[in-house]
Amino acid sequence: MLQIRIQKRFQVIMSFKACITCLNCSLLMAFMLFLQAAVGQQPATTKQSAAAKLVTPSPYNFTSIDQILETNKKALGGKLVTLVAKDGKIIYKSEIGEDFKMETPQPIGTSSKWLTAALVMTFVDNKELSLDDPVAKYIPMFGSYSKSYITIRHCMAEITGIESEQSKVGRLLQKKKFESLEEEVNYYAAHKNIVTQPGKEFFYGDFAYTTLGRVLEVIAKKKTFSKLMQERITKPVGMKKTSFLTDRGAEDPATGAVSTAGDYIRFMTMLLNSGEVNGKKILSKEAIDEMEKVAFSSLPVKGIPKFAKGFTYGLGVWVEESDKNGKSMVISCPGVTGTWPYIDRCRKYACIILTRQLDAEQNQNVFLEIKGEIEKQLQRECN
């Protein structure tokens with residue numbers, strides 16, 4: 001009997017110890033679960049902090065530009081897009097007008113010349129062409145009508161010595177008569193007069209860039225100007241809605257591009273990035289520097305748009321400002337149709353103001369006011 005009692009007490013004690021052990025295990029498990037939950041929450045807090053850093057406020061305050069655009073909205077035609085890009089990113093965007101956005105195609109007039117100049121320089125980069133080649137080397141008609149001294153550089157700098165064109169309306173009507181650049185350029189080579197020696201006077205017009213387009217076609221043989229532009233500039237740069245195609249008449253390398261504000265800012269961003277896009281080289285830095293170099297500084301000016309008074313000219317672009325050493329700092333290619341694209345090399349940004357107007361020369365003061373506000377935000381003095 002005594003042995004049985006001892007055995008029962010032993011079982012009770014062991015059962016009690018087992019309960020204590022289970023309780024301790026339960027407490028330990030609860031603590032471990034609590035600890036795991038606490039540790040698990042830490043990465044979530046870290047991620048939240050990182051996400052917060054990604055949405056930090058912009059360092060720029062462009063409300064003054066919003067006010068300028070709103071005040072002048074009617075004068076600017078009620079439909080316009082303004083973009084500012086820096087370091088490969090859009091830092092300011094304004095779209096005014098329900099059906100006028102940054103990817104809305106719009107004729108850009110003489111702002112087309114910057115694109116054409118860039119295309120010419122791809123041929124120079126590839127050693128398919130020299131800026132000092134005579135045009136007659138590619139278009140024999142230029143050797144037959146006292147134009148044999150005109151070079152590619154003369155055409156790009158608008159100093160061919162050929163008489164200035166007629167009115168804008170007259171040019172458009174005349175252009176529709178031609179089915180190809182070859183037909184158009186050969187006709188004008190035979191009928192346009194040399195009024196001064198090439199390189200001696202500045203005439204701003206269309207014929208020089210029409211001629212350049214035809215020269216590129218001759219070099220590339222069976223490819224049209226618009227096809228060359230697509231292959232070498234618009235497609236690799238990502239300008240999906242930019243084209244020189246036309247339903248009627250010859251293509252127009254001087255004024256015939258249709259583009260968007262978004263496409264054109266991509267083009268200028270490529271130029272700011274030393275000619276590179278997504279690791280692909282479109283233009284050499286040397287080619288870009290050549291385009292932006294002042295082609296003449298003291299030549300008589302026989303024909304110039306109102307918006308360009310006080311500017312000098314490079315190869316396909318206007319030079320608005322230079323530093324104390326003469327290096328071009330602000331380069332632009334405005335069009336009388338309401339497009340004003342420019343690059344500020346000092347502050348390292350590009351801007352385009354694109355409006356839907358037939359004649360926007362009177363808007364230059366508004367554009368310059370916007371430019372001044374951008375400079376205030378970027379806070380860098382340029383000499």
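For reference, positions follow the sequence shown, starting with 1.
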Let me check something: do [X] and [Y] share a hydrophobic cluster, defined by ILVMFWY side-chain heavy atoms less than 4.5 Å apart, either directly or through other members?
X      : Y      : result
Val319 : Met291 : no
Trp114 : Leu131 : yes
Leu76  : Ile96  : yes
Val277 : Ile352 : yes
Phe367 : Ile91  : yes

For residues Ile265 and Ala350, report the shortest heavy-atom separation together with the two atoms involved.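 Taking Ile265 first and Ala350 second, the nearest heavy atoms are CD1-O, 3.7 Å.
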Which atom of Ser284 lies closest to which atom of Asp125, heavy atoms considered: OG-OD1, 2.7 Å
Is there side-chain contact between [X] and [Y], with at least one heavy-atom pair below 4.5 Å?
X      : Y      : answer
Trp318 : Ile304 : yes
Tyr149 : His154 : no
Leu115 : Leu119 : no
Val195 : Phe203 : yes
Phe207 : Glu184 : no

Can you list every salt bridge (charged side-chain N to carboxylate O under 4.0 Å, His left out) pair that touches residues 80-94, not counting sequence neighbours?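 Qualifying pairs, neighbours excluded: none.
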Tell me which pairs pass salt bridge (charged side-chain N to carboxylate O under 4.0 Å, His left out) where either residue lies in residues 255-274, with sequence neighbours left out. Glu103-Arg266, Asp263-Arg266
Partner residues of Glu373 under the side chain to side chain contact (heavy atoms under 4.5 Å, CB included) criterion, sequence neighbours left out: Ser64, Ile65, Ile68, Lys376
Those residues that, when tested against Ser180, pass side chain to side chain contact (heavy atoms under 4.5 Å, CB included) (two or more places apart):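 Per chain and number, Ser180 pairs via side chain to side chain contact (heavy atoms under 4.5 Å, CB included) with Glu182, Glu183.
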Return each pair, listed once, that meets ring-ring contact (aromatic ring centres under 6.0 Å, His included) where at least one residue sits in residues 220-246; pairs must be two or more places apart or across chains.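 Checked against ring-ring contact (aromatic ring centres under 6.0 Å, His included) - neighbours excluded - the pairs reaching residues 220-246 are Phe225-Phe244.
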Pairs where residues 120-142 contributes a residue and the test ring-ring contact (aromatic ring centres under 6.0 Å, His included) is met, not counting sequence neighbours: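 Not a single pair qualifies under ring-ring contact (aromatic ring centres under 6.0 Å, His included).
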Using the salt bridge (charged side-chain N to carboxylate O under 4.0 Å, His left out) rule, take Glu251 and Lys227 through it: C-alpha gap first, then chi angles, then the decisive distance, then the call. CA-CA 11 Å; Glu251 295 169 355; Lys227 182 65 174 176; over 6 Å; no
Could you check whether [X] pairs with [Y] (Lys NZ or Arg NE/NH1/NH2 to Asp/Glu carboxylate O, under 4.0 Å)?
X      : Y      : value
Glu320 : Lys371 : no
Arg232 : Glu128 : yes
Lys285 : Asp289 : yes

Are Tyr204 and Tyr209, when compared by the centres of their aromatic rings, separated by less than 6.0 Å?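 Between Tyr204 and Tyr209, the centre distance exceeds or equals 6.0 Å.
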Looking only at the aromatic ring of each residue, does the gap between the centers of Tyr188 and Phe178 stay below 6.0 angstrom?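 Ring centroids of Phe178 and Tyr188 are less than 6.0 Å from each other.
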Should the pair Tyr264 and Phe267 be assigned to parallel (<30°), tilted (30 to 60°) or perpendicular (>60°) ring geometry?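 Perpendicular.
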Under 3.5 Å, is there a donor on one side chain and an acceptor on the other for Asp132 and Ser130?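 No - no donor-acceptor pair under 3.5 Å links their side chains.
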Please evaluate residues Glu231 and Lys235 with respect to the criterion salt bridge (charged side-chain N to carboxylate O under 4.0 Å, His left out), reporting the C-alpha separation (whole Å), side-chain torsions for both, the decisive distance (0.1 Å), and the verdict. CA-CA 6 Å; Glu231 288 181 354; Lys235 187 175 180 179; over 6 Å; no
